[in-house]
Number of protein chains: 4
Amino acid sequence: MIIKLKQQSPHKQIEHLTNWLTRQKFRVHLSEGEFETILGVIGDTSALDVHAIEGLEIVEQVIRISEPFKAVNRKFHPVDSVMTAGGAQIGGGHFALIAGPCSVESYEQIMEVARAVKAAGATMLRGGAFKPRTSPYDFQGLKAEGLELLRQAKAETGLPIVSEIMNINHLDLFNDVDIIQVGARNMQNFDLLRELGRARQPVLLKRGLANTIKELLMSAEYVLAGGNPNVILCERGIRTFETYTRNTLDISAVPVLKELSHLPVVVDPSHACGIARHVPALSLAAVAAGADGLMIEVHNTPEKALSDGAQSLRPSQFEALARQVRRVREAVQP
Amino acid sequence: MIIKLKQQSPHKQIEHLTNWLTRQKFRVHLSEGEFETILGVIGDTSALDVHAIEGLEIVEQVIRISEPFKAVNRKFHPVDSVMTAGGAQIGGGHFALIAGPCSVESYEQIMEVARAVKAAGATMLRGGAFKPRTSPYDFQGLKAEGLELLRQAKAETGLPIVSEIMNINHLDLFNDVDIIQVGARNMQNFDLLRELGRARQPVLLKRGLANTIKELLMSAEYVLAGGNPNVILCERGIRTFETYTRNTLDISAVPVLKELSHLPVVVDPSHACGIARHVPALSLAAVAAGADGLMIEVHNTPEKALSDGAQSLRPSQFEALARQVRRVREAVQP
Amino acid sequence: MIIKLKQQSPHKQIEHLTNWLTRQKFRVHLSEGEFETILGVIGDTSALDVHAIEGLEIVEQVIRISEPFKAVNRKFHPVDSVMTAGGAQIGGGHFALIAGPCSVESYEQIMEVARAVKAAGATMLRGGAFKPRTSPYDFQGLKAEGLELLRQAKAETGLPIVSEIMNINHLDLFNDVDIIQVGARNMQNFDLLRELGRARQPVLLKRGLANTIKELLMSAEYVLAGGNPNVILCERGIRTFETYTRNTLDISAVPVLKELSHLPVVVDPSHACGIARHVPALSLAAVAAGADGLMIEVHNTPEKALSDGAQSLRPSQFEALARQVRRVREAVQP
Amino acid sequence: MIIKLKQQSPHKQIEHLTNWLTRQKFRVHLSEGEFETILGVIGDTSALDVHAIEGLEIVEQVIRISEPFKAVNRKFHPVDSVMTAGGAQIGGGHFALIAGPCSVESYEQIMEVARAVKAAGATMLRGGAFKPRTSPYDFQGLKAEGLELLRQAKAETGLPIVSEIMNINHLDLFNDVDIIQVGARNMQNFDLLRELGRARQPVLLKRGLANTIKELLMSAEYVLAGGNPNVILCERGIRTFETYTRNTLDISAVPVLKELSHLPVVVDPSHACGIARHVPALSLAAVAAGADGLMIEVHNTPEKALSDGAQSLRPSQFEALARQVRRVREAVQP
């Protein structure tokens, strides 16, 4: 950690800060330049509070050099983590093709989609039972009934299921869910993350609309620090000034996350873009960039979808895409 | 609502959509131009799902003309809402000067700050007991004990208290809290908002880092739709590419929110900026722009603060600022 | 175009506006709803000024339905444009692999890089002679001498050359340059664009850091409107809140631009990311997303580069990447 | 400057870098921690190229500690700069109230507006003759004729005039213009800035839509480094995800710029917001935050304006605003 001091800081106060750091077993090195004085703090500074130090009268700026994340950090865990969910694997060369409707709507709908995506090569089934909606007047999901319909689709097709949790009080309802999803709007709902540290299933953690790559890793750190080593990171688009697409897919996050962390990285092109006809191009881009999986919205009759219809593919389109995904995976194989 | 259709859409499908809308009691008007065909949908479209319609094969784009928010909308409620919390008022000409430490740390700390800010003219006391922290290794607040210390400060000074809730299961602990704050990271924690619709206290709702003005209003709509008419909107900075300040205070949000809604609007310059020495300039700007209140971090000895020290004023600085706030309020009085 | 009027606008003023529009040969349709009144304006509204109409007392909002761009619009020119530059082609299935150093530094450097990238499969050579630098104290390029060195590299290797213009007064110096590049910071230097409408070479137009996809197309429209039909669009990353990468590559811009326009689209992953080791992943993503070309920085000894060294590949890395690019292109071939 | 090295960097390469820095008269200090090795570089590093060093094999990250700007830096020039333009002053307590139409349209228009704003208390007249327009089909300004009309308005009212330059070849036309404006889209047109270093008039430099505060200062540095000490910095809104206002006024830039630099800072609320009815609130906010001036669009009959009508005030509205501005200035006087 680098602490930049203000010009003409009293020597006494600099000494006071240096002593405080030394007492905590940090090595401190002082460099005095013509225009600025710098303290280099050496040791594990992850528990030091940047803002508290910035609050000191003599401090102009604090710059963290080490990453504040530990458990998710590839430096301390160089090998790819591999996760198992309902028989399927993800990470370390195992690719997850997760597909399904935005919302579970009915028995017929989820069965039809589940069979179709399985036939096309999907390895997991997704479906929303609890839906975060911007407006209180929009459809909020079938809730417990939706989870039960997903369970039935799993029983019939054998596909592991992925569904989103919005409230920690619902955790018991997720017993048969193989991967618990945390939505972008809850990425920094720290109480929820902490509780999911006690879940036994992998957590698929979506990046928040305005969250940096490092904040995503810090949120994953909450789950790992709570005792659950299985977090799948999900890039799903960030909010920028561009309005043509719903969000901006940050494709660079794929190689960056894979370098910084050992956790698997999946991409959700459907939410990133919001336009079904551009989902195939973004899916292939994600695979080419090295993603460990894709999460794609598929709907049997998109025009009837109660939510997010604009971003869902039909089964036949998904099937064509799945074929291309396999070809691109082979092309980028080392 | 305007629905832009794709070129050469089959007449049959256009008719199908038109009939579906007509059955729901909307008036529909079709305009055929050389390069595009437009459906104008007239009526209360707030319950129509934009994305579901965008999912239709024949639809190129859907544009909402009416605001989707109702209960918070000034069009349907032209008079300023005035809220009462522990004897203090806010809105409709009543100004709230809310001050206090980022985190409650000890009996001595909260008492000293409470007395100091009251003497300087604060009308409410703020203090965090549950703290949302990016890192699981950072201080997370004194929790229930922090709320108890706030209660004691209120008993002694008479100042109503404001504190943040992070988990709906804690609601019972907030019985003596006069205004319940929802933090920026929970602005779209819809389950929490829905439950706060049942609280009897006003809710101070902070704008999320990447949320638009309209999304803030939609989140407030959740609380009002749940039965609680008392929401105070809080602008606290949005996330942009600028890194000199912690966030970018969106000062325009003040006049825009006051035009769109009857709810009071307060500004939190401390979190918006993150640099204590710039808090006074931003506070005065907020007052000049028409804010109904300010929420400012004040700490007795900033260098000891366990969190957010960089953005806290000392009591003497707050006192000078409070005087200037009063002068600017007078200057902009109509 | 949709014009949303304010509530209770005087009938007289509405009539005045309607007549003004009708006189300009637009068809106008008035819809009066309970809460708003809408004018639908039908015809070619590209020359109507949105802001001037928004300035009218009775107008609440103006929404453009048609795209304001014409010459670059695929609707009016459905077939891919193919451009020829110094013997190489781009667009309509012809892929351009453009490579070279950020800045031309010396005869030895440009020759060595030119030979190496040609051997690896590059189809064009890039190199900066005039460099836009944030600081007036940074190296500003070899200028005319740099262009002369590029000309020599072209003479020897046969590779067409691409270089950036910063000032229209330098146009004569670019006689032997096969593609004239306009940098991101000049994307809205409209005087420069207008003059390039008179150039006979294709223009490679980089998207500005804060410019939307539609603004990029409007800037290309300037060149086409000026008489030069050959513009190559270049996505090179936009500015967002994420600071890990230098910019955020907007991969979605590739399929969106190709849908909206007939012009070729290339991607510059080197500037988008700023980190050489992530350039291969982003390059392959761009190819998988359908880009017509790549522009990649390659340097013989990156540690000696006087500018942008961090984002340059060595020739051996470029050669490995070029092989993978060919494999991914085959995989995504229809 | 801090250079963070990669783990296990060869000792030889570290020594090589250290020697290279030492030869350039920097003092270098090496700190070896458990997980990282840091080089502290002490001396005037403003001419060192961050990216070139980042390109080195052994370097993970380079962090600049000193500001790279010199001539504009308050550290080296603590006293406010005061500029004189056509008799009016700005900076160091002198407030500039600049008002006028977006575009000069006719003799009658500019005369009427000039007289009205002078009567209301404006100290300078603005008016666009060369207009940067997103679309090649929009009105591009009256050009030389517009400048001549401004000159006549100056002759009659005595108000100094401010107008925008888009092309350095037009500099001779600006002989009678008292302040030369550089628009947001040209903030990094470095060739233009360099040439304006030779102009004898003050330059009003607008912040680019996606440019940081530090980049604005670096662009000002170009003008000062070129020999012209008179630059007025102008905050006019940045581009964010919020679409309700045209841009987001970064009010924090006012106190930050005034702290970092001795140059005067003005705010343009008209372009920042794009909505005339919110211009007064933002103007007062800017004054309260400490701005040295305002630049406000005023139009005699906004509905006839050929450009940017939505953001123009009528003279009577401007007059009321000017009165409030004076009251707020008094209120924030120390």
Side-chain angles (χ1 to χ4, degrees), chain B residues 67 207-217 237-260 267 269 272-275 277-291 320 323-334, chain D residues 67 207-217 237-260 267 269 272-275 277-291 320 323-334:
Chain B
E67 292 96 356
R207 180 179 181 185
L209 274 77
N211 289 110
T212 63
I213 288 171
K214 291 203 170 170
E215 287 171 343
L216 172 59
L217 291 171
I238 58 174
R239 191 163 260 187
T240 70
F241 62 84
E242 177 60 69
T243 55
Y244 194 91
T245 47
R246 192 184 304 179
N247 298 286
T248 298
L249 178 65
D250 181 5
I251 191 77
S252 320
V254 176
V256 170
L257 284 169
K258 293 201 64 70
E259 179 181 61
L260 293 177
V267 169
C273 184
I275 305 170
R277 64 188 182 275
H278 295 315
V279 165
L282 298 183
S283 299
L284 300 178
V287 172
R323 266 199 310 270
Q324 284 188 293
V325 164
R326 285 188 290 271
R327 288 166 57 184
V328 173
R329 284 205 70 219
E330 274 164 39
V332 295
Q333 222 61 233
Chain D
E67 291 96 355
R207 179 178 180 186
L209 275 78
N211 288 110
T212 62
I213 288 171
K214 293 202 170 169
E215 286 170 345
L216 172 59
L217 291 171
I238 57 173
R239 191 162 258 187
T240 70
F241 62 83
E242 177 61 67
T243 55
Y244 194 91
T245 47
R246 192 183 304 178
N247 297 287
T248 298
L249 178 65
D250 181 6
I251 192 75
S252 320
V254 177
V256 170
L257 284 170
K258 291 198 66 68
E259 180 181 60
L260 293 177
V267 170
C273 183
I275 305 171
R277 63 188 183 275
H278 295 316
V279 165
L282 298 183
S283 300
L284 300 177
V287 173
R323 267 199 307 271
Q324 283 189 294
V325 163
R326 286 188 289 269
R327 287 166 58 182
V328 173
R329 284 204 71 218
E330 275 163 38
V332 295
Q333 224 58 237

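The analysis underlying the following values was restricted to heavy atoms, covering all of them including side chains, and did not include hydrogens, waters or symmetry mates. Naming convention: chains lettered A, B, ... in sequence-line order (proteins, then strands); numbering from 1 in each chain.
Proximity to chain B is absent for every atom of D/R323, based on heavy atoms less than 4.5 angstrom apart. Looking at D/R239, the atoms closer than 4.5 Å to chain B (heavy atoms on both sides) all sit in the backbone: N, CA, C or O. Both the backbone and the side chain of B/S252 come within less than 4.5 Å of a heavy atom in chain D. Interface remark: B/E215 contributes no atoms to any contact with chain D (heavy atom separation under 4.5 Å).
The line from CG of B/L249 to CG of D/D250 is 8.5 Å long, rounded to the nearest 0.5 Å. Considering OG1 of D/T248 and CD1 of B/I238, their distance stands at 4.5 Å, rounded to 0.5 Å. The CG atom of D/L284 lies 10.5 Å from the CD1 atom of B/I251; values are rounded to the nearest 0.5 Å.
Looking at heavy atoms from C-beta onward, D/F241 lies in side-chain contact with B/T212 at the 4.5 angstrom threshold. Between D/E330 and B/R327 the shortest side-chain heavy-atom distance does not fall below 4.5 Å. Side-chain contact between D/V332 and B/V328: present, with at least one pair of heavy atoms (C-beta onward) separated by less than 4.5 Å.
Of all the heavy atoms in B/A289 and D/A285, the pair that sits closest is CB-CB, 4.1 Å.
Top candidate by heavy-atom pairs under 4.5 Å with chain D, chosen from B/N211, B/V256, B/V254, B/L260, is B/V256.
The existence of a salt bridge linking D/R207 and B/E242 is confirmed by a sub-4.0 Å separation between a basic side-chain nitrogen and an acidic carboxylate oxygen.
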